[in-house]
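Inspection log for the structure reproduced underneath, given as structure tokens.
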Protein chains: 2
Amino acid sequence: MAEKKGFIRKTKQREVILNVLRSTRTHPTADWVYQEVRKEMPNVSLGTIYRNLKTLTEMGEALELSYGSTYSRFDGHADNHYHFVCEECGDVTDLELPVQDSLENSVGDSIGAEITHHRLEFYGICNHCRAKK
Amino acid sequence: MAEKKGFIRKTKQREVILNVLRSTRTHPTADWVYQEVRKEMPNVSLGTIYRNLKTLTEMGEALELSYGSTYSRFDGHADNHYHFVCEECGDVTDLELPVQDSLENSVGDSIGAEITHHRLEFYGICNHCRAKK
DNA sequence: ATAAATGCAAAGCATTTGCAACCAT
DNA sequence: ATGGTTGCAAATGCTTTGCATTTAT
């Protein structure tokens, strides 16, 4: 069940987690973040990582990306942008493609819903994996 | 590890599963499919559902949709189309928006990758959930 | 003071798998 | 015959949670 909190406190842990998230352009898993944060705070627990990743996502400071049924990846750069996902190695790359916010209006109008954001992802084989074959 | 199969056999189970998937425009979970298939084949196992859902996805007969870190949803209509996801109730709706395949070429060219497909999803609050508030 | 946040460890739970029996080709 | 497929159940493994303790405000 979702806890209801009246306010959110600043904590060293969340700060470090956000810094770690922002320090990379890869799209790390919770465990990768955990390993990184541990270098600076050897006692953090995985639970804290998950709780803060969730909080940061709700705060709009991070994005949770889900592909397939394994684990989630997180993105500390929350300004909308599109991704390319390699179906071979699972790598996620940011794309330069301009974001088309106008799409949100037309979709919102057509189904009468309030659109908060959209995601566009491309799937395929990255050139690194193609070279291996 | 992925099993390597020389060929794929036709089975009654897979046929029923695909029919169930195609019978709806909702985007069911593996468990929903399981319950439906059971009505016709009381002895199917959940494992078979999962294995076939995976096989069908690999065959290009179905799509696996992942939102958040809970469970996957499946779509038996594999021709590309876009979705609207309600962040309140989790409902997934098909959109009429025309599919822009041309995007794939420009992305493919810019990052030198081979694009197989793309996905575009809009998130927000559906009007059903908005009315409730 | 007071409630949010943490660490630890124990669940939770969707999905995967090993295996013997079974069945499509 | 051959090896893909199934049902069953046990095992995986990512993520969530309960609880006593710490800590931000």
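Quantities reported herein were computed from a predicted structural model and do not represent experimental measurements.
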Rounded to the Å, how far apart are Asn43(B) CG and dT6(D) C1'? 11 Å
Respond yes when some side-chain nitrogen or oxygen of Thr48(B) is under 4.0 Å from OP1 or OP2 of dG7(D), and no when none is. yes
Does Thr29(A) or Asn52(B) map to a spot on DNA chain D nearer the 5' end, using the closest nucleotide for each? Asn52(B)
Would you say Ser72(A) places a side-chain N or O within less than 4.0 Å of OP1 or OP2 belonging to dT15(D)? yes
Nearest-Å distance, NZ (Lys54(A)) to C1' (dT15(D))? 10 Å
Protein-nucleotide distance (Leu46(A), atom CG; dT17(D), atom C1'), rounded to Å: 14 Å
For the pair made of CG in Leu56(A) and P in dA5(C), what is the distance, rounded to whole Å? 11 Å
If the sugar-phosphate is the primed atoms plus P, OP1 and OP2 and the base is the rest, what is the B/S/- string for nucleotides 19-25 of chain D, using protein heavy atoms under 4.0 Å? ----BBS
Side-chain heavy-atom pair Glu121(B), Tyr67(B) within 4.5 angstrom cut-off: yes
Rounded to whole Å, please give me the gap between CD in Glu15(A) and P in dA4(C). 21 Å
Phosphate-side-chain proximity, Gln13(A) and dG7(C), N/O vs OP1/OP2 below 4.0 Å: yes
Give the minimum heavy-atom separation between Pro98(B) and Tyr82(B), together with the two atoms involved. O-CE1, 3.5 Å
Selection from dG4(D), dT6(D), dA5(C) that lies nearest to any side-chain heavy atom of Lys5(B): dG4(D)
Please report the interatomic distance CG(Asp75(B)) to CZ(Arg22(B)), rounded to the nearest 0.5 Å. 10.5 Å
Nucleotide of dC8(C), dT15(D), dA5(C) approaching Arg14(A) most closely (side-chain heavy atoms): dA5(C)
Is Leu103(A) close to Leu120(B) at the side-chain level, that is, under 4.5 Å between some pair of heavy atoms? yes
Between NE2 on residue His83(B) and CG on residue Leu97(B), distance to nearest 0.5 Å: 12.0 Å
In this structure, how many angstroms lie between the P atom of dT15(D) and the CZ atom of Arg73(A), rounded? 11 Å
Interatomic spacing from OG1 in Thr55(A) to CD in Glu58(A) - rounded to 0.5 Å: 6.0 Å
Send over the distance from Ile49(A) CD1 to dA5(C) C1', rounded to a whole Å. 13 Å
Give a yes-or-no answer on whether the side chains of Glu87(A) and Thr116(B) include a donor-acceptor pair shorter than 3.5 Å. yes
Using whole Å, what does the distance between atom C1' of nucleotide dG7(D) and atom CZ of Arg38(B) come to? 12 Å
Using OP1 and OP2 only, check whether a side-chain N or O of Tyr50(A) sits under 4.0 Å from dT16(D). no
